[in-house]
Amino acid sequence: MAGDYLVYGGLGSGSVPVEAALTLLAEPYRVIERRVWEDPAAAEEMAKVNPQRQVPALVLPSGELMTESAAILIHLADSHPAARLAPAVDSPLRPRFLRWMTYVSAQIYSLYWIRDDASRLAADPAHEPILLERTKQRILDCWRMMDAQVTPEGRFMLGDEVSVLDLYLTVVSRWGPRRKAFYEAAPGLTPVVKAVDALPGLAAFWPERMPFFDGWEG
Ligand SMILES: N[C@@H](CCC(=O)N[C@@H](CS)C(=O)NCC(=O)O)C(=O)O
């Protein structure tokens, strides 16, 4: 039976760009809060929905479950073409869109599996700070490489209209090592994330789901 969208997510997590997209689309949705990265009971609950024990997970109105933030964002944009949250399949900007959506997901977001719990890969607790430092440097290198290879087409990455790529970039660039380090690594991308921070359509959303607390930029 058709229903609203249902987001399994968490404050400040990878569900935030998904929730932001649904907000811009004015689609009704509910959030089930599962702070899996810091709460073992929430991770156990989440395993019943997504065996990866990760958020975001999105139940579509059709009942179909989606995981993987980049795929979810692309699907939401593609299934609402009038909202223009992604270039159309035949747009010359589509390859660039797909390239950087996948880059943010695969090259950068995936490193947080280590950063959220370095004991997953550290053979010894003494190695954990080394893993945290090396993944931090890798994230900054990835932002530098992105900045060197893509220039925003306008106010946002792909022109003067916001896309789900901008939402994704904006949220992931707020995670550790946080924004000040991002601004330094990616000066060309900085105006884009600042424009998304200030987007009127998300003015009420940010304080609820990813607040700009004192010192949020790092
Ligand atoms: N590839 C996944 C990664 C999702 C992910 O790592 N989510 C984090 C929260 S931001 C999480 O659930 N971490 C808990 C864990 O990996 O155990 C995606 O893009 O959706």
Side-chain angles (χ1 to χ4, degrees), residues 5-23 29-60 64-79 85-86 97-122 125 128 131-132 134-136 138-139 142-143 146 157 163-179 181-182 193 196 202 205-206 208-213 216 218:
Y5 289 89
L6 179 60
V7 182
Y8 290 87
L11 189 79
S13 78
S15 68
V16 171
V18 172
E19 297 168 38
L22 288 165
T23 300
Y29 67 94
R30 282 191 304 126
V31 178
I32 297 187
E33 195 73 5
R34 295 273 184 261
R35 297 169 66 89
V36 290
W37 62 95
E38 60 181 20
D39 176 358
E44 277 309 309
E45 276 303 302
M46 196 60 212
K48 296 175 191 164
V49 178
N50 177 9
Q52 294 278 74
R53 295 164 189 253
Q54 291 181 333
V55 295
L58 179 70
V59 182
L60 302 177
E64 173 92 13
L65 175 75
M66 284 192 80
T67 62
E68 299 305 323
S69 51
I72 292 171
L73 288 167
I74 294 167
H75 170 74
L76 286 176
D78 285 355
S79 54
L85 287 181
F97 167 69
L98 292 176
R99 177 184 179 194
W100 296 111
M101 286 298 293
T102 304
Y103 182 93
V104 171
S105 176
Q107 301 283 7
I108 301 173
Y109 192 168
S110 60
L111 293 171
Y112 290 89
W113 186 79
I114 306 167
R115 291 180 63 76
D116 283 349
D117 181 359
S119 72
R120 283 169 162 161
L121 290 189
E128 292 179 24
L131 285 175
L132 291 176
R134 289 186 179 171
T135 50
K136 170 183 161 184
R138 173 66 182 163
I139 288 165
C142 286
W143 289 133
M146 182 170 177
M157 290 306 293
S163 74
V164 290
L165 174 59
D166 303 304
L167 302 177
Y168 206 22
L169 180 64
T170 296
V171 170
V172 176
S173 66
R174 284 187 62 182
W175 297 339
R178 311 253 285 271
R179 271 294 184 75
F182 173 85
V193 296
V196 179
L202 295 176
F205 174 80
W206 291 127
E208 278 211 5
R209 298 304 289 157
M210 202 165 191
F212 299 107
F213 54 86
W216 69 275

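In each ligand, atom 1 is the first atom listed, and ligand 1 is the first ligand listed. Remember, it's a predicted structure, so these values are computed and weren't measured experimentally.
In this structure, S15 and R209 have side chains that are in contact, with non-hydrogen atoms separated by less than 4.5 Å. A 4.5 Å side-chain heavy-atom check between T135 and W113 finds every atom pair outside the cut-off.
R120 NH2, 3.5 Å is the protein heavy atom nearest to atom 15 (C) of ligand 1. Nearest protein heavy-atom contact of atom 14 (C) of ligand 1 is V36 CG2, 3.7 Å. The protein heavy atom nearest to atom 5 (C) of ligand 1 is Y109 OH, 3.3 Å. For atom 1 (N) of ligand 1, the closest non-hydrogen atom of the protein is E68 OE1, 2.6 Å. V55 O, 3.6 Å is the protein heavy atom nearest to atom 8 (C) of ligand 1.
Residue-to-ligand polar distances place S69 within reach of ligand 1: an N/O pair is separated by less than 3.5 Å. By the 3.5 Å distance cut-off applied to N or O atoms, G14 is not counted among the residues near ligand 1. Considering backbone and side-chain atoms together, Q54 places an N or O closer than 3.5 Å to an N or O of ligand 1.
Among residues two or more places apart in sequence or in another chain, the ring pair (Phe, Tyr, Trp, His ring centres under 6.0 Å) test is passed with Y5 by none.
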field: K136 vs R115, side chain to side chain contact (heavy atoms under 4.5 Å, CB included): CA-CA, chis, key distance, verdict
entry: CA-CA 8 Å; K136 170 183 161 184; R115 291 180 63 76; 3.6 Å; yes
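Residue-ligand proximity: T67 is placed with every non-hydrogen atom at 4.0 Å or more from ligand 1.
In this structure, the ring of W100 has its center less than 6.0 angstrom from the ring center of Y103.
The two residues T67 and A57 make their nearest non-hydrogen contact at CG2-CB, 4.2 Å.
Atoms of ligand 1 found under 4.0 Å from any heavy atom of W113 (numbered from 1 in listed order, with element): 16 (O).
Other residues, nucleotides and ligands contribute only 12 or fewer heavy atoms inside 6.0 Å of the CZ atom of R30.
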